[in-house]
Amino acid sequence: KNAGEITHLFTNPQHRRKGVATAMLDYAKLHSSTIGVTPQHSSMLSDMGEAWARSTGDFVPTRTRGD
């Protein structure tokens, strides 16, 4: 695994599509210099994870597998 790789991010179904995961990503990006790594999307994505990752405008690696 790569340092900073987002491997799991779960949002309770009742809170999905409200910007919660994106807010967590933005917070991690804001504080990445403190911890010395930049968050990056994994290539192991579910369908929902890939849709979210693409919605962030960040680089999304080619999907290798997903559940």
Side-chain angles (χ1 to χ4, degrees):
K1 296 187 184 203
N2 299 321
E5 181 180 16
I6 302 166
T7 57
H8 294 88
L9 183 59
F10 178 82
T11 304
N12 191 296
Q14 70 186 30
H15 297 293
R16 290 183 184 155
R17 308 289 306 155
K18 295 180 181 179
V20 175
T22 301
M24 289 190 283
L25 175 63
D26 291 344
Y27 184 87
K29 287 178 182 178
L30 181 67
H31 296 282
S32 64
S33 63
T34 304
I35 58 174
V37 295
T38 302
Q40 58 187 347
H41 297 284
S42 173
S43 62
M44 296 175 58
L45 299 163
S46 64
D47 291 341
M48 288 175 45
E50 182 175 22
W52 169 71
R54 293 199 182 287
S55 78
T56 66
D58 295 343
F59 170 77
V60 180
T62 302
R63 187 172 167 181
T64 56
R65 108 170 228 285
D67 299 328

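Quick note: numbers below take in every heavy atom, side chains included, and nothing from hydrogens, waters or symmetry partners.
Between His41 and Asp58 there is a side-chain heavy-atom pair separated by less than 4.5 Å. Side-chain contact between Ile6 and Gln40 is absent, with no heavy atoms from C-beta onward closer than 4.5 Å. Residues Thr64 and Leu45 have side chains not in contact (no heavy-atom distance under 4.5 Å, counting atoms from C-beta outward). A 4.5 Å side-chain heavy-atom check between Glu5 and Ser42 finds at least one atom pair inside the cut-off.
When the side chains of ILVMFWY residues are joined at heavy-atom separations under 4.5 Å, either directly or via intervening members, Val20 and Tyr27 end up in two distinct hydrophobic clusters.
Atom CG in Leu25 sits 9.5 Å away from atom OG in Ser55 (nearest 0.5 Å). Taking OG1 of Thr7 as the start and CE of Met44 as the end, the distance is 9.0 Å to the nearest 0.5 Å.
A donor and an acceptor atom, one from each side chain of Thr11 and Trp52, are nowhere located under 3.5 Å apart.
Around the CE atom of Met48, the shell of radius 6.0 Å holds no more than 12 heavy atoms that belong to other residues, nucleotides or ligands.
In plain terms, the two heavy atoms of Pro39 and Lys29 that are nearest each other are CG-N, 3.8 Å. Considering all non-hydrogen atoms of both residues, Ser32 and Val37 come closest at CB-O, 2.9 Å. Of all heavy-atom pairs spanning Phe10 and Arg16, the tightest one is CE1-NH2, 3.2 Å.
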Check against side-chain contact (heavy atoms from CB on, under 4.5 Å), His31 and Asp26: CA-CA 9 Å; His31 296 282; Asp26 291 344; over 6 Å; no
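No donor-acceptor distance shorter than 3.5 angstrom exists from the side chain of Thr22 to the backbone of Gly19, with no hydrogens or angles considered.
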